[in-house]
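First, the structure itself, so that you have it in front of you.
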Number of protein chains: 2
Amino acid sequence: MVASLRLPSLTSLLFPATTRRYPAALRRRVLCLRNRPASGFATAPSTGTASPEVQRLRSDQAVTPRSQDFNAWYLDVIASAELADYGPVRGTMVIRPYGYAIWEAIQDYLNVKFKETGHSNMYFPQFIPYSFIEKEASHVEGFSPELALVTVGGGHELEEKLVVRPTSETIVNHMFTQWINSYRDLPLMINQWANVTRWEMRTKPFIRTLEFLWQEGHTAHATPEEAEREAKQMIEIYTRFAFEQTSIPVIAGRKSKLETFAGADTTYTIEAMMGDRKALQAGTSHNLGQNFSRAFGTQFQDENGERQHVWQTSWAVSTRFVGGIIMTHGDDTGLMLPPKIAPIQVVIVPIWKKDTEKTQVLSAASSVKEVLQTAGVRVKLDDTTERTAGWKFNFWEMKGVPIRIEIGPRDVSSNCVVVSRRDIPGKAGKVFGISMESSALVAYVKEKLDEIQSSLLEKAILFRDSNIVDVNSYEELKVAISSGKWARGPWSASDSDEQRVKEETGATIRCFPFEQPQGSKTCLMTGNPAEEVAIFAKSY
Amino acid sequence: MVASLRLPSLTSLLFPATTRRYPAALRRRVLCLRNRPASGFATAPSTGTASPEVQRLRSDQAVTPRSQDFNAWYLDVIASAELADYGPVRGTMVIRPYGYAIWEAIQDYLNVKFKETGHSNMYFPQFIPYSFIEKEASHVEGFSPELALVTVGGGHELEEKLVVRPTSETIVNHMFTQWINSYRDLPLMINQWANVTRWEMRTKPFIRTLEFLWQEGHTAHATPEEAEREAKQMIEIYTRFAFEQTSIPVIAGRKSKLETFAGADTTYTIEAMMGDRKALQAGTSHNLGQNFSRAFGTQFQDENGERQHVWQTSWAVSTRFVGGIIMTHGDDTGLMLPPKIAPIQVVIVPIWKKDTEKTQVLSAASSVKEVLQTAGVRVKLDDTTERTAGWKFNFWEMKGVPIRIEIGPRDVSSNCVVVSRRDIPGKAGKVFGISMESSALVAYVKEKLDEIQSSLLEKAILFRDSNIVDVNSYEELKVAISSGKWARGPWSASDSDEQRVKEETGATIRCFPFEQPQGSKTCLMTGNPAEEVAIFAKSY
């Protein structure tokens, strides 16, 4: 738009994207995360940083290329971009400021949507009497293997052991019985932002940790129709959030009976395809029917004066979503963040050689920062003198910042800047001669941020759709799964057939998608008529 | 400003403030909170609502007058205003939407201030290896009696029991050792919003609960001077927050050695005087010196290449502040909220008798709501038809909403509304004939909100100052304390003298206030020279 022609500056040629050298502290950090066991079962505190010998082994490289080893890449990105670190207790995670800022962006968006749709935030205690968990039969079956138990408090053995909440349906119902008396008290629609604990055996930062952060919505309604509408509304909010804020083209649908939440009648889910083509369950919304209200006696007096059990929903999104963002958009270079949830949307790197140039370059860089900040852009000026411009380029690319603005002496004299897109590598993503004039620059940057947001989504849709295979037989399903893809095919077979697919292929039914193909269908397993297609995939 | 003269409307005379009748559901709720033990030691789930017989006992009254029984009043207000409820585990609390919204207002303000002063949010795991707690000698002494311990995870007895965090200095230091290498990594300034657990024997909603919500800031610095500046800066932020947002005229100062945080060199505190003249410690900021960095080996290489231990601070404000707001401003009628942290700043009560009047009154009320909402005022229109206007007046007064706007048929015809202030009871706080014209109404309401905010602060300052007695001998101190007041006097006596005051009077040194009187002083206990006055009071 305002991009006049200009020759590439010397600096942009001096630091090719292939030279990636990070300081020792950064490398050490990468090693920290990689060298610690991701599974195992010990609560002993870790011993700390790796030895200098181990560090030297990998001194030539910070982030394992994604194409080479997806898991190693994932852990490297989390360490190098300083998103998270292992906690001292096996399976726990410290969410560092850069990772936490992504979570805050998720919270800010969802919090508004929840309130707009009539939900209030509140807070329930995290200690739940063990007897509560036992009240709903399938709930206790689902959760009891994963519980952390408090048995000692204030130096005394407790009479009843306490469960550290894995989810709050039980304690919510205990309280709802005290707040709900009449149909006038309904619907009761609340949400809480909280930590939850599940004693997982195989952990992975953000994706599956012993403790994680989430929001859990809980609602009670007078009719099953209203509860169903609510459960559907919330999965719809999650779906739009995934598409519009995180550029993740999730597939929304219904879980199979086997995969339904312990205690729910129906579970709706959004399933995302990660860069290694494994599925990630990124959010769920449950229609709980009357399962918990019957177990806890949560009743109301209807308009005819009769006592009835309430109809309920619950729904949640967690810090796992941060892992989904990393694994959807990242590339060999590192993290790639969708602008809407990026803690830093634009990084400004000033470039100078002589001290005489420094003052004017830094002054121009500061005013560009000021202009963008005032316009509501999240911008960082990296004016440290300890690093070269090339090091900074690599560092902020690895951190996934959507746009980099370079300002050198020549740019200052021509009143222009250079703008580079993180999502288009090398020269193709670089535009010279963007005017520094406030309104032009703001308009250009905002337009580019929008373009990047859309472009990431389009790329992810292409990737997703080219990796879903329509199958009509179990043989075809097996071929699709063994080639690492998702299989979509008509399904009306039994739970035990579904179990068999899991055992033989490692894939599970991720969902029966809401969007269904037209026409009559024949079950891929049994040849019987089928009403719906299901999506099968290996998953996290 | 725009208040033209008008005669009081019929409705304003019909519902005198003395008639206070609440529905059965509300009364039941009050009983719930009052009839449960506030102390005791059992983790058995409660039995639920009180019996109908017990309910009938108190059917004539919802909130015990504050002047009659402060503690009963406090619990009644929390129940009637639906701020909180007891959780099923002894000493735990459910924070209900209206109470949680106050906490959200606290968070919103402080979060901005923390970021402005260079702190980043992050999250540490809540499970801490027991061995960590033992590393800092005075820390373990202070906290070990209050710990909740997880001993079973995933069905297995754990090798090392885990502490559910009572505070995070230990785990923070464990992580800081991995992130801090050089002086370039300093200062490291972070904050987390989290739940914490302390196994308290005597609990009281908001004030002291087994689990509570707070923010805890943790910083590491290269020099003791910088740490000291940081600790002072944060207590200053808390002080301004208390004065400007909550209208609580706290007294900021330094804790005595006996009252210093377990593991700190110095603790700064803000002390608030509650309506019963007991002191509430409402926020603290600790200069931790090198106590934790020595225990955990948190070191950095200084500019001369030498290894040094970092200098640290930590600081916190919790949901206890909500209790402080209730107990500072509330009156016989119930809650009274400072406008800046009130979830609802203005409630609109439409009034009509005939159905013909209803439509125009409701339509006028809706547009008033719209106008105020657009202007950024948090406003609620109570248009339910199940309650009388008088019931609504009492209800929203009890909920502490700063301003009530009444709109009746006569108001509609004159294009005016009636505005009542919560902080000025009866007719004195009621102004008739305020124009409905948007800009005039908005200006008037905003001005009144500011006036109420200031007026609450002034009233609290007057109350505070009239209840602090300057004392020069132990005898005078005893008289002041036994008459329920705070005593302020010169103090340079020993820890054992301080302990003796506590045992004999029940009062502790709340702080050595930053604001000190001029001139030479003589210790009230020993007659020796004293450098400072201390404030003694009974406290929560």
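All values derive from a computational prediction rather than experimental measurement. Order of the sequence lines fixes the chain letters, A, B, ..., with proteins taken first and strands second; residue numbering starts at 1 for each chain.
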For the residue pair B/S120 and A/P97, what are the closest heavy atoms and their distance?
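Taking every non-hydrogen atom into account, CB-CB, 3.6 Å.
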Applying side chain to side chain contact (heavy atoms under 4.5 Å, CB included), run through B/L162 and A/V89 and close with a yes or a no.
CA-CA 9 Å; B/L162 302 176; A/V89 174; 3.7 Å; yes
Counting only non-hydrogen atoms closer than 4.5 Å, does B/T197 touch chain A with its backbone (N, CA, C, O), its side chain (CB onward), both, or neither?
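Side chain only.
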Please lay out, stage by stage, how B/W179 and A/D85 fare under the test side chain to side chain donor-acceptor pair (under 3.5 Å).
CA-CA 10 Å; B/W179 301 332; A/D85 213 333; 2.9 Å; yes
Applying side chain to side chain contact (heavy atoms under 4.5 Å, CB included), run through A/V152 and B/K161 and close with a yes or a no.
CA-CA 10 Å; A/V152 176; B/K161 57 196 174 196; over 6 Å; no
Run the numbers on B/E160 and A/R90 for salt bridge (Lys or Arg N to Asp or Glu O under 4.0 Å), then give the verdict.
CA-CA 11 Å; B/E160 181 178 8; A/R90 196 271 321 163; over 6 Å; no
Heavy-atom cut-off 4.5 Å, strictly under: side chain, backbone, both or neither for B/Q192 against chain A?
neither
So which of B/T92, B/L213, B/I190 has the biggest tally of heavy-atom pairs under 4.5 Å with chain A?
B/L213
Segment of A/S144 engaging chain B (4.5 angstrom heavy-atom cut-off):
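Neither part, no heavy atoms under 4.5 Å.
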Shortest non-hydrogen pair, A/G87 vs B/M175, comes out as CA-SD, 4.5 Å
B/R184, part contacting chain A, at a heavy-atom distance under 4.5 Å
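Contact with chain A: side chain only.
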Closest non-hydrogen contact found for B/F127 with A/E211 is N-OE1, 4.4 Å
At a heavy-atom separation under 4.5 Å, does B/I171 approach chain A through its side chain, its backbone, both, or neither?
side chain
Among the listed options A/R198, A/E146, A/M122, the residue most often paired with chain B at heavy-atom distances under 4.5 Å
A/M122
Compare every heavy atom of A/P125 with every heavy atom of B/M93, then report the nearest pair and how far apart it is.
O-CG, 3.5 Å
Please check if the number of heavy atoms outside A/E141 that lie under 6.0 Å from its CD is greater than 12.
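Incorrect, the count does not exceed 12.
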Among A/N195, A/T209, A/T384, who wins on heavy-atom pairs under 4.5 Å with chain B?
A/N195
Let me confirm one number: the OH-CH2 distance from B/Y100 to A/W193, rounded to the nearest 0.5 Å.
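Rounded to the nearest 0.5 Å, the OH-CH2 separation comes to 9.5 Å.
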Between B/P145, B/A101, B/S182, who has the most heavy-atom pairs with chain A when the cutoff is under 4.5 Å?
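Of B/P145, B/A101, B/S182, B/P145 has the most heavy-atom pairs under 4.5 Å with chain A.
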For chain B, which of A/L147, A/N191, A/N121, A/T151 has the most heavy-atom pairs under 4.5 Å?
A/N121
